[in-house]
Amino acid sequence: MSSKLLEGQVAIVTGAGRGIGREVALAMAKQGAAVLVNDVGAALSGAASGDSPAEEVVALIESEGGKAAVNTDSVSSWEGAQRIVNQARETFGRVDIIVNNAGILRDGIVHKMSPKDFEDVLAVHLFGSFYVSRAAAEIFREQNSGCFIHMTSSAGLIGNIGQANYMAAKMGIVGLSRALAQDLERYNIRSNCIAPFAKTRMTEGVNVPEDKKEARAQRIAGWRTDAVATLAVTLASDACKDVSGQIFGARGGEVFVFSQPRPVRSVHKEGGWTPELLGSVLPKFAPVFSPLSELTMTWDSVD
């Protein structure tokens with residue numbers, strides 16, 4: 001009996017040529033999954049680069065005795081997503097795991113951000129996650145099983161200056177994952193998000209004020225892509241067959257679960273409110289307001 005956690009399963013990992021996607025593809029292959037390695041070979045902005053990182057990942061998987069295939073379609077179109085999913089099924093006979101990891105960055109302060117930069121980021125992150133998930137959902141439903149893993153971000157869950165497009169996309173992915181979990185639960189299909197804390201091209205490309213760059217570099221020095229990959233493999237395994245609709249994070253050796261929006265305080269007035277009276281009450285909710293600060297972990301020390 002094989003001791004590999006994903007033996008006999010087929011995984012699609014988008015944006016798997018570099019960074020987190022690469023580590024997830026390698027980790028899943030090491031645990032016995034056949035992997036469709038999707039990557040268009042683009043620069044961080046989404047522009048064509050001429051590279052073929054997916055081929056390198058596939059070659060590495062095959063050199064270690066695993067099964068893998070290259071796909072270079074873009075997740076940002078419905079047709080591309082269908083080709084990705086169809087190729088995986090035609091090549092390996094089935095599809096069991098979807099890892100929606102592909103993404104680009106087009107940072108800019110919100111009042112200077114172009115509509116195209118906003119739309120392009122959503123097209124890859126959010127629309128791409130929907131397109132690939134939608135293409136796989138019918139297959140998952142037919143076989144009465146399947147696992148979705150989506151990459152969200154603390155930028156979406158908590159915020160980051162100069163990333164309105166990225167924040168909107170990553171928070172949208174949380175809603176998409178929750179919808180998939182609820183709609184498809186009856187078919188034994190689960191869906192979860194990972195908020196990665198890892199040093200990648202994306203984290204290096206984030207706009208950071210000069211006076212905070214050194215502190216940030218020290219903070220992310222221990223963030224490893226393999227820690228995120230380990231979490232992804234675990235969520236895809238049978239050990240987590242009953243885990244769905246959740247948001248997890250991995251930061252070095254630390255793994256955590258994010259809370260999700262729920263009412264935390266309320267006030268009631270029989271007969272309703274006037275704007276004047278309500279205006280005197282709402283500011284009193286300040287102790288439970290979510291802060292705009294960059295603090296992500298409430299247990300981290302603050303200088």
Side-chain angles (χ1 to χ4, degrees), residues 12-22 37-54 70-85 87 98-136 148-180 193-196 198-210 212-213 216 292 294:
I12 296 172
V13 184
T14 68
R18 301 181 179 91
I20 291 171
R22 171 190 170 96
V37 180
N38 162 263
D39 201 291
V40 298
L44 189 57
S45 66
S49 68
D51 296 336
S52 300
V70 172
N71 178 278
T72 58
D73 285 300
S74 173
V75 301
S76 64
S77 77
W78 171 233
E79 294 77 18
Q82 287 180 302
R83 287 194 294 269
I84 292 168
V85 173
Q87 181 185 338
I98 298 292
V99 182
N100 284 313
N101 171 76
I104 63 172
L105 281 182
R106 301 274 183 86
D107 288 356
I109 204 73
V110 67
H111 61 275
K112 295 182 179 180
M113 182 173 290
S114 71
K116 179 170 174 53
D117 282 351
F118 188 88
E119 293 163 3
D120 286 353
V121 168
L122 263 71
V124 175
H125 287 275
L126 181 55
F127 284 35
S129 294
F130 168 74
Y131 291 150
V132 176
S133 298
R134 171 65 178 81
F148 292 109
I149 299 171
H150 318 271
M151 296 299 169
T152 183
S153 171
S154 60
L157 300 170
I158 296 164
N160 194 41
I161 293 173
Q163 291 193 304
N165 47 9
Y166 187 70
M167 289 170 62
K170 289 303 190 181
M171 200 60 173
I173 285 172
V174 171
L176 172 64
S177 177
R178 192 82 177 179
L180 290 165
C193 286
I194 294 176
K199 190 176 180 182
T200 66
R201 287 195 306 166
M202 283 201 171
T203 58
E204 291 173 356
V206 170
N207 291 321
V208 180
E210 283 296 329
K212 295 182 179 180
K213 282 188 176 180
R216 184 176 187 278
L292 290 177
E294 295 181 0

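Because the structure is a prediction, the values reported are computed rather than measured.
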Point-to-point distance, once rounded to the nearest 0.5 Å, from [atom1] of [X] to [atom2] of [Y]:
| X | Y | atom1 | atom2 | value |
| --- | --- | --- | --- | --- |
| Asp107 | Lys112 | CG | NZ | 14.0 Å |
| Asp39 | Asn101 | CG | CG | 9.0 Å |
| Ile173 | Ser133 | CD1 | OG | 9.0 Å |
| Ser154 | Asn160 | OG | CG | 7.5 Å |

Check whether any side-chain N or O of [X] sits under 3.5 Å from a backbone N or O of [Y] as a donor-acceptor pair, and report yes or no.
| X | Y | answer |
| --- | --- | --- |
| Ser129 | His125 | yes |
| Asn38 | Val13 | no |
| Asp117 | Gly108 | no |
| Thr14 | Ala102 | yes |

Practice prompt. For atom CZ of Arg178, decide whether the heavy atoms of other residues, nucleotides or ligands shown that lie under 6.0 angstrom number more than 12.
Written response: yes
Minimum heavy-atom distance between [X] and [Y], given as atom pair plus value:
| X | Y | answer |
| --- | --- | --- |
| Val75 | Ile84 | CG1-CD1, 3.8 Å |
| Ala164 | Val110 | CB-CG2, 3.9 Å |
| Ala135 | Ala81 | CB-O, 4.1 Å |
| Val124 | Gly103 | CG1-CA, 3.7 Å |
| Gly80 | Asp73 | O-CB, 3.8 Å |
| Trp78 | Tyr131 | CZ3-O, 3.4 Å |

Can you confirm whether [X] sits close enough to [Y] that some side-chain heavy atom of one is under 4.5 Å from a side-chain heavy atom of the other?
| X | Y | result |
| --- | --- | --- |
| Ser153 | Gln163 | no |
| Lys170 | Met151 | yes |
| Leu105 | Val121 | no |
| Val37 | Val70 | no |

Worksheet item: Relative to the ring of His150, is the ring of Phe148 parallel (under 30°), tilted (30 to 60°) or perpendicular (over 60°)?
Response: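 Correct class here is parallel.
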Discussion item. Using the side-chain contact (heavy atoms from CB on, under 4.5 Å) definition, which of the options Asn100, Leu176, Leu157 pairs with Thr152?
Written reply: Leu157
